[in-house]
Amino acid sequence: MLWAGVPMLDLNLIRTNRPAVEAALRKRMEHVDLSRLVANDAKRREFVTSVEALKARRNQVSADIPVLKKAGEDVDGLLAEMKEVSATIKSMDAEIRVLDDAIHDELARLPNLPSDDVPAGGKEANEVLRTWGDKPSFAFEPLDHVSLVTSLGLVDYERGVKMGGNGFWLYRGIGSRLEWALLSYFIDTHLADGYEFILPPHLLTYQCGFTAGQFPKFEDDVFQLRGDDDSFTHFILPTAETALINFHRDEILSEDELPSKYFAYTPCYRKEAGSYRAQERGMIRGHQFNKVEMFQFTTPETSETALDELIAKAEALVQGLGLHYRVSRLAAGDASAAMAKTYDIEVWIPSMGEYKEVSSASNAADYQARRGNIRFRRGDRRIEYVHSLNASGLATSRILPAIVEQGQQSDGSVVLPRVLADRLGVARLEPGEPAGGS
RNA sequence: GGAGAGAUGGCCGAGUGGCUUAAGGCGCACGCUUGGAAAGCGUGUGUGCGUUGACGCGUACCGAGGGUUCGAAUCCCUCUCUCUCCGCCA
């Protein structure tokens, strides 16, 4: 549609509070200059006002012409004038179109405004808010998860690489069942909390990536499918969030439908180009991993509470596995560009001596809603953008290493958390077991 | 992959160049009526953009994009999507 601005940040906010917007953006990016955007917007509004006056004139004359003709009056002069007016309208519309595109492109590349309580800066400015549990101490030399899952027959790295190349692994036997048990533990928990279970397409259109805030800036981070003429057809989802945000795209919800809560299970596919594979052995960072993702659409005034709910749910899942972890509030520059605020849950990986992310809970505020045109109607009929939130609940690929590393015993066996032991009917995994698993 | 039929407002559905500021119906909202309800009657009922202190006014939108015209839902071109049937395949 020609005039649909599709603002990513509220253009009106930029117009009226430009210094505040620029200050907020500076928390996550070095160079902020909205002057061209503001100038283009002013020019566009000026053009629109005058071209619409011309259109009003044209409409009026067009209505008059048949009447005048009927009355036998001469309309040749009017016809000539209108021919010129129409030509002017056409060229002005074209100019406005150019301005629209420029405004749209610039707006589409701006990241979200970080919340007030989000610290400025990059990774180094993240704030640890709390830790849960204790680092396990071992009276023996602990093994890393690569050795453990291999000797326990859970994961086969060599054959995974044989099939998918570097960055892939496969689960086998009891390992597959363990992975499945983890996922079903997550799924059952979300069902009990009243979230609707979605199994979305894994191949998504470009628009889906745009709405999520993934495109246009991060097109190269995902696997793309291309047609015979090399044109973009689909991308493979890097997270179910990319699908779920599009569930209500281009819809106007009623206020009593909010909050709407969903979760999905999908594998996630990421290029992870230029990542530090060397320091992250095993399944810490691969091209494919399993994840259950939670998602909410809320009213603006309830999204903060919803974020608290999501992070609490994700923490409860980790606690249910008895794993030591910490929660951080990410600095503006370390969070995804689409997010106003992000909490990370990081689980302790003894062999690395590091905490690694297993869940990221974020409030996008109205950023994704604007990109996807997702709105709701208030009781008084006013229409506003919804807020959207997402949180992993959880990704398994770092949970499994944490389970085996934190639960390992001196004899190389691993004591399973209760929720998994109950599901598998096995309390402890022993090395050297045949990998059949039934 | 082959053939055919479509795309109009929340829904159904008219509409082949100006009397359509999209008929009519359904739904919905409000009002009248009623002891209460139903029926009936009346009024209203989309989204974006621009403008305005506000009421409002203007403008665009009939799948998308372009063209013809003083004027397009309507005529022309291109594309997309949906449905039906056939074939093939999980």
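These numbers were taken from a predicted model, which means no experiment stands behind them.
Between B:U47 and A:R377, a contact under 4.0 Å exists linking OP1 or OP2 to a side-chain N or O. Between B:A60 and A:N59, a contact under 4.0 Å exists linking OP1 or OP2 to a side-chain N or O. Look at A:R45 and you won't find any side-chain N or O under 4.0 angstrom from OP1 or OP2 of B:C49.
Distance check on atom C1': B:U47 versus B:G10 gives 13 Å, rounded to whole Å. B:G63 and B:G9 have their P atoms separated by 8 Å, with the value rounded to a whole Å. For the C1' atom pair drawn from B:U74 and B:U69, the interatomic distance equals 13 Å after rounding to whole Å. Atom P of B:G67 sits at a distance of 12 Å from the matching atom of B:A72, rounded to the whole Å. Spacing between B:G42 and B:G56 at atom P, rounded to whole Å, works out to 24 Å. Comparing the same atom, C1', in B:A5 and in B:G18 gives a spacing of 32 Å after rounding to whole Å. One P atom belongs to B:C75, the other to B:G24, and the distance between them is 23 Å to the nearest Å. Here, B:G6 and B:U16 have their P atoms 15 Å apart, quoted to the whole Å.
Applying the side-chain hydrogen bond (donor to acceptor under 3.5 Å, both in side chains) rule to A:Y185 yields no partners; only residues at least two apart in sequence or on another chain are considered. Under the rule for a side-chain hydrogen bond (donor to acceptor under 3.5 Å, both in side chains), the partners of A:H190 that lie at least two apart in sequence or sit in another chain are A:K313. When the salt bridge (Lys or Arg N to Asp or Glu O under 4.0 Å) test is applied to A:E384, the partners found at least two apart in sequence or on another chain are A:R378. Residues that satisfy the salt bridge (Lys or Arg N to Asp or Glu O under 4.0 Å) test with A:R36, not counting sequence neighbours, are A:E106. In this view, A:F197 and A:F263 satisfy the ring pair (Phe, Tyr, Trp, His ring centres under 6.0 Å) rule, not counting sequence neighbours. Under the salt bridge (Lys or Arg N to Asp or Glu O under 4.0 Å) criterion, A:D422 pairs with A:R418, not counting sequence neighbours. Annotation: salt bridge (Lys or Arg N to Asp or Glu O under 4.0 Å) contacts of A:E293 (sequence neighbours excluded): A:K291.
The interatomic distance linking A:L11 (CG) with B:G48 (C1') rounds to 14 Å, in whole Å. Whole-Å rounding puts the A:R44 CZ to B:C49 P distance at 8 Å. Following rounding to the nearest Å, A:Q207 (CD) and B:C81 (P) show an atom-to-atom distance of 15 Å. In this structure, A:F47 places its CZ atom 24 Å from P of B:G58, rounding to the nearest Å. Between A:D100 atom CG and B:G50 atom C1' the separation is 12 Å, expressed in whole Å. In this structure, the CG atom of A:D250 is 16 Å from the P atom of B:G63, given to the nearest Å. Remark: C1' of B:U59 and CD1 of A:I89 are 10 Å apart, rounded to the nearest angstrom. Remark: C1' of B:C49 and CG of A:N40 are 17 Å apart, rounded to the nearest angstrom.
Ring geometry for A:F297 against A:F295 counts as tilted: the plane angle lies between 30° and 60°, on a 0 to 90° scale.
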Strand RNA chain B as a dot-bracket string - pairs counted if Watson-Crick or G-U with both distances under 3.5 Å, | where the partner lies in another strand: ((((((((.[[[..)..(.....]]]((((((.......))))))((((((....)))))).[[[[[..)....]]]]])))))))....
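Among the atoms of the strands shown, none is found under 4.0 Å from any heavy atom of A:R57.
Across B:G48, B:G66, B:C49, the shortest atom-to-atom separation from the side chain of A:R97 is found for B:G66. Here the nucleotide nearest the side chain of A:I383, chosen from B:G58, B:G50, B:U47, is B:U47.
Note that the CG atom of A:L389 and the OG1 atom of A:T302 stand 8.5 Å from one another [nearest 0.5 Å].
Remark: A:E304 engages A:K341 in a salt bridge, criterion side-chain N to carboxylate O under 4.0 Å.
The backbone N or O of A:A338 lies less than 3.5 Å from a partner atom in the side chain of A:N112, making a donor-acceptor pair.
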Report each atom pair, protein N/O against N/O of nucleotides 67-74 of chain B, whose distance is under 3.5 angstrom.
{"from": "B:G67", "atom 1": "OP1", "to": "A:K90", "atom 2": "NZ", "distance (Å)": "3.3"}
{"from": "B:C70", "atom 1": "OP2", "to": "A:K83", "atom 2": "NZ", "distance (Å)": "3.0"}
{"from": "B:C70", "atom 1": "O3'", "to": "A:S86", "atom 2": "OG", "distance (Å)": "3.4"}
{"from": "B:G71", "atom 1": "OP1", "to": "A:S86", "atom 2": "OG", "distance (Å)": "2.6"}
{"from": "B:G71", "atom 1": "O4'", "to": "A:S62", "atom 2": "OG", "distance (Å)": "3.2"}

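Two residues, A:A56 and A:D41, neighbour RNA chain B, and the one matched to the more 5' nucleotide by heavy-atom proximity is A:D41.
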